[in-house]
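Here's the structure, in structure tokens; my notes come after.
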Amino acid sequence: MPAITLPDGSVRMFDAPVTGTEIAAAIGPGLARAALVMKLDGRLVDMATTVAGDASIAFVTRRDEDALEMIRHDAAHVMAEAVQALFPGTQVTIGPSIEHGFYYDFARNEPFTPEDFPKIEAKMREIVARNTPFLRQVMDRDAAISFFQAKGEKYKAELIQDLPRADEISLYTQGEWVDLCRGPHLRSTGDVGTAFKLMKVAGAYWRGDHRNTMLSRIYGTAWRDQKALDAYLHMLEEAERRDHRRIGKDMGLFHIQEEAVGSVFWHPKGWKLYRTAEAYMRRRLEASGYVEVKTPQLVDRALWEASGHWEKFREHMFIAQVEDEDKTLALKPMNCPCHVQIFRQGLRSYRELPLRMAEFGACHRYEPSGALHGIMRVRAFTQDDAHIFCTEAQIADETVKFVELLSATYRDFGFAEFRVKFSDRPAMRAGDDVTWDRAEGALKEACATAGVDYVINPGEGAFYGPKLEFVLRDAIGRDWQCGTLQVDFVLPERLDAEYVGEDGARHRPVMLHRAILGSFERFLGILIEQYAGRFPLWLAPVQMVVASIVSDANDYAEHVARTFRAAGLEVRVDGTNQKINAKVREHSLAHVPLIAVVGRKEAEQNTIALRRLGGDAQELLPLAAAVTMLIREATPPDLRAAAGG
RNA sequence: GCCGACGUAGCUCAGUGGUAGAGCAACUGAUUCGUAAUCAGUAGGUCGUCAGUUCAAUCCUGACCGUCGGCACCA
């Protein structure tokens with residue numbers, strides 16, 4: 001006699017066990033049509049699930065977020081059936097739903113190409129139109145293994161073998177086709193709908209391990225309806241326009257070429273942007289009690305051996321030899337060992353701690369070729385790096401201070417939101433477990449004090465200590481680690497850093513490795529995408545163009561430019577022989593925030609006609625007043641309070 | 001590094017087994033014009049590199065380099 005409680009609190013009695021389908025039908029024909037999946041005591045189950053006892057039930061319709069995930073999951077099943085129908089001999093492996101869609105990994109000797117998509121999509125539409133129910137079936141573990149082995153699906157058999165003993169093995173059939181799946185599923189293939197599209201093919205290692213076979217992955221996207229699909233595809237096009245590689249080229253910010261793979265050639269405008277960011281960081285660090293240093297690029301192998309990098313990191317290091325000397329040097333992949341060398345000069349006192357040592361350190365790392373990505377992932381980059389030498393008792397306080405500094409910095413650059421990951425001990429690590437316990441504990445405690453919400457990122461810590469990763473998202477939705485804070489008990493030990501304590505004895509300091517932007521290259525790449533090249537005035541590499549209407553006004557245009565330049569603005573003059581329409585268009589497309597238009601009238605009256613990017617209004621302003629106003633607007637955010645703005 | 005796709009003028013792209021085209025940009029000339037494209041002309045390419053097939057290769061084949069999308073990696 002199940003009593004079914006519905007989301008509105010009402011209770012319905014049934015005199016025998018009922019399926020979700022029957023409950024929905026009992027409530028009304030509209031719900032019976034719309035209900036795709038049932039939430040049984042908070043757990044998603046098939047509509048065909050029988051409810052024997054009292055339960056609370058909610059029905060998921062197409063509009064619910066859960067439904068979208070299931071549409072995607074089921075689309076993966078539909079695609080798998082289509083692929084196996086079209087390409088006999090292909091084995092299925094796994095096919096989950098993901099953000100915006102789904103994928104399925106297939107084992108096939110010949111990889112798929114995008115040219116196969118139309119065929120597969122057509123077959124998928126057939127399967128959807130066929131509208132066969134997804135039927136759940138529980139099978140004995142050994143029977144399931146032999147079932148899949150008999151079908152030649154050795155990957156599925158392997159998956160079942162590794163499933164926890166306690167787990168029920170469920171199979172889902174859709175017509176003739178059957179797949180191992182935990183479920184739940186929509187009612188039938190028709191519920192998937194036709195708002196899907198296959199997007200790309202890719203290789204992917206079986207079980208994510210590069211020692212395993214490479215499978216052939218097909219990515220697809222799926223939505224509730226065509227409108228949502230179209231909106232998504234449109235969003236992707238928009239995102240492509242924001243791509244920092246595209247904008248970097250269009251705006252002439254930087255380039256990369258074959259002779260220096262993974263290194264950036266910064267052009268004047270890009271370098272101006274870089275310097276603006278660097279100057280900002282330098283002011284921030286000075287105001288936060290950091291001292292800045294500069295350490296060598298090329299350092300003898302001996303130091304890297306002492307620090308542990310030679311052992312753990314050598315294949316990622318650029319090694320340099322000199323002909324006349326029997327020495328091996330390496331381009332530094334990190335700044336930390338060098339900073340310890342500065343710390344070790346002379347005898348340090350506890351009174352000097354915390355010692356915050358910053359460097360805009362240029363590092364080189366031999367990154368795998370497949371990892372390179374524009375200026376976001378490069379082999380030569382500059383970190384806004386610093387190492388805080390402190391006592392264990394100071395970790396929490398320094399972490400809190402750091403998080404505050406990082407938040408203020410991100411906010412000033414226009415990133416209101418960022419995510420934090422806590423990466424704990426990796427498999428390959430230096431230091432014993434007791435030390436790791438202490439380091440992780442201290443960092444967690446500090447996070448609690450700083451009020452930082454984080455997600456655990458298991459096993460992803462640095463080899464010398466746990467870390468916090470501050471993650472920003474690019475235009476295409478990819479996450480990038482920018483800021484980081486790492487607790488390190490190991491390196492001070494290895495490199496023998498010590499200070500004299502209050503007690504007169506020698507002690508080991510703790511090192512906090514920390515960066516806010518991470519690498520300038522990566523951060524600027526994300527910044528470019530964030531603003532799609534339309535930077536706020538203080539960051540814009542060219543802040544103003546003075547455009548003359550007639551050549552008679554060119555001298556005045558130069559005068560205007562000189563006046564603004566003297567006040568600190570980056571200004572160009574466009575005195576070319578073009579119509580003002582063309583000039584406005586050109587500089588607007590180049591994302592110049594301010595266009596000062598000057599003709600005979602402005603020259604006579606000592607004014608400018610100001611036009612701002614993104615608007616078509618014109619403001620006629622006396623030159624002197626415009627300078628005062630715009631210089632104030634162009635003040636970097638950290639200086640605004642001081643400037644009274 | 002692995003799987004796949006791609007590489008033609010500064011940029012975006014078209015094209016063909018008989019050594020290449022468009023638009024924009026550039027340059028020259030004319031035009032002096034009031035807020036998102038003035039007109040005309042000129043110039044510009046070892047078709048990523050190296051081999052092979054062929055009477056003939058930018059096109060077909062292979063290797064390499066690079067880029068792009070994933071996977072793996074990211075101290």
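In what follows, every chain begins at residue 1, and chains take the letters A, B, ... in the order their sequences are listed.
The side chain of V584(A) lies closest to U35(B) when the candidates are C71(B), U32(B), U35(B). When distances run from any side-chain atom of R585(A) to the nucleotides C2(B), A36(B), G69(B), the shortest one goes to A36(B).
Residue contacts shown for A547(A) are absent, as no nucleic acid heavy atom lies under 4.0 Å away. Within 4.0 Å (heavy atoms only), R600(A) reaches at least one base atom of the nucleic acid. Backbone-only contact: G374(A) has heavy atoms under 4.0 Å from sugar-phosphate atoms and none from a base. A204(A) comes within 4.0 angstrom of sugar-phosphate atoms only, judged by non-hydrogen atoms across all strands, and of no base. Looking at heavy-atom distances under 4.0 Å, K312(A) makes no contact with the nucleic acid at all. In this structure, A371(A) reaches the bases: a heavy-atom distance under 4.0 Å links it to at least one base atom across the strands shown. At the heavy-atom level, I256(A) lies nowhere under 4.0 Å from the strands shown. Using a 4.0 Å heavy-atom cutoff across all strands shown, Y103(A) reaches no nucleic acid atom at all. Base engagement by K601(A) is indicated by at least one non-hydrogen atom pair under 4.0 Å involving a base atom. Residue contacts for G308(A): at a heavy-atom cut-off of 4.0 Å it reaches no nucleic acid atom on any strand shown. Within 4.0 Å of P426(A), counting heavy atoms only, lies no atom of the nucleic acid at all. Nucleic acid contact for I549(A): base, since at least one base atom lies under 4.0 Å from a heavy atom of the residue. Within 4.0 Å of Q257(A), counting heavy atoms only, lies no atom of the nucleic acid at all. Across all strands shown, P368(A) has heavy atoms under 4.0 Å from base atoms, whether or not it also approaches the sugar-phosphate.
In this model, the phosphate group of C74(B) is not approached by any side-chain N or O of R379(A) to a distance below 4.0 Å at OP1 or OP2. Residue R217(A) places none of its side-chain N or O atoms closer than 4.0 Å to OP1 or OP2 of G69(B). Between C73(B) and Y366(A), no contact under 4.0 Å exists linking OP1 or OP2 to a side-chain N or O. Considering only side-chain N and O atoms, N581(A) lies nowhere under 4.0 angstrom from the phosphate OP1 or OP2 of U35(B). Phosphate proximity of G69(B) to H373(A): present, with a side-chain N or O under 4.0 Å from OP1 or OP2. When the side-chain nitrogen and oxygen atoms of S369(A) are compared with OP1 and OP2 of G1(B), one or more of them lie within a distance under 4.0 Å. Side-chain N/O atoms of K249(A) include one lying less than 4.0 angstrom from OP1 or OP2 on U12(B).
One interatomic measurement links the two molecules: CZ of R522(A) to C1' of C74(B), which rounds to 7 Å at whole-angstrom precision. Residue E367(A) contributes atom CD, which lies 13 Å from atom C1' of A72(B) at whole-angstrom precision. Rounded to an integer number of Å, the gap from L372(A) CG to C71(B) C1' is 15 Å. For the pair N109(A) CG and C2(B) P, the computed distance is 19 Å after rounding to whole Å. With rounding to whole Å, R246(A) atom CZ is found 13 Å from C68(B) atom C1'. Rounded to whole angstrom, the span from the NE2 atom of H591(A) across to the P atom of A36(B) amounts to 17 Å. Atom CE of M199(A) and atom P of C71(B) are 14 Å apart (whole Å). Atom P of nucleotide C74(B) and atom CD of E469(A) are separated by 11 Å, given to the nearest angstrom.
Taking atom C1' on both nucleotides, C55(B) is separated from U67(B) by 36 Å, rounded to a whole Å. Here the separation of A37(B) from A26(B), taken at their P atoms, is 16 Å to the nearest Å. One C1' atom belongs to G1(B), the other to A43(B), and the distance between them is 45 Å to the nearest Å. As rounded to the nearest Å, A36(B) and G41(B) have P atoms that lie 27 Å from one another. When the P atom is used for both G23(B) and U19(B), the distance is 22 Å, rounded to whole Å. For the P atoms, the distance linking G15(B) with A72(B) amounts to 36 Å, nearest Å.
Across all strands shown, C55(B) forms a Watson-Crick or G-U wobble pair, both distances under 3.5 Å, with G18(B). For C50(B), the paired nucleotide is G62(B), the pair qualifying as Watson-Crick or G-U wobble because both relevant distances are below 3.5 Å. Judged by Watson-Crick or G-U wobble contacts below 3.5 Å, the nucleotide C68(B) has G4(B) as its partner. Nucleotide A30(B) forms a pair with U38(B), judged by Watson-Crick or G-U wobble geometry with both contacts under 3.5 Å. The partner of G44(B) is absent, by the rule that a Watson-Crick or G-U pair needs both atom distances under 3.5 Å. Nucleotide G10(B) forms a pair with C24(B), judged by Watson-Crick or G-U wobble geometry with both contacts under 3.5 Å.
Nearest heavy atoms, V542(A) versus P593(A): O-CD, 3.2 Å.
Side-chain contact of H387(A) with N335(A): a donor-acceptor pair under 3.5 Å is absent, judged by distance alone.
Nearer the 5' end of RNA chain B, as judged by each residue's closest nucleotide, is the contact made by D616(A), out of D616(A) and R478(A). Residues A462(A) and Q578(A) each lie close to RNA chain B; by heavy-atom proximity, the contact nearer the 5' end of the strand is made by Q578(A).
Taking the six-membered ring for Trp and the full ring otherwise, the centers of F102(A) and F196(A) sit at least 6.0 Å from each other. Checked against a 6.0 Å centroid threshold, the rings of F265(A) and F254(A) do not count as neighbours.
At a cut-off of 3.5 angstrom, the base of G1(B) holds at least one donor-acceptor pair with the side chain of Y205(A). One N or O donor and one acceptor, one from the side chain of R377(A) and one from the base of C73(B), sit under 3.5 Å apart. Applying the 3.5 Å distance criterion, the base of G34(B) shares a donor-acceptor pair with the side chain of E602(A). Taking 3.5 Å as the limit, the base of A36(B) and the side chain of R611(A) contain a donor-acceptor pair of atoms between them.
Annotation: cation-pi pair K444(A)/F422(A) present, NZ/CZ under 6.0 Å from the ring centroid and within 45° of its normal. Cation-pi geometry between R72(A) and W223(A) is met: under 6.0 angstrom from the ring centre, within 45 degrees of the axis.
For the ring pair (Phe, Tyr, Trp, His ring centres under 6.0 Å) test with H513(A), the passing option among Y464(A), F389(A), F489(A), F402(A) is Y464(A); the others fail. A ring pair (Phe, Tyr, Trp, His ring centres under 6.0 Å) with Y219(A) is found for exactly one of F117(A), Y103(A), Y104(A), namely Y103(A).
The pair E398(A)-R356(A) counts as a salt bridge, with a side-chain nitrogen and a carboxylate oxygen less than 4.0 angstrom apart.
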Q: Take H373(A) and R478(A) through the test side chain to side chain contact (heavy atoms under 4.5 Å, CB included) and record every step on the way to the result.
A: CA-CA 12 Å; H373(A) 177 85; R478(A) 284 186 280 216; 2.9 Å; yes
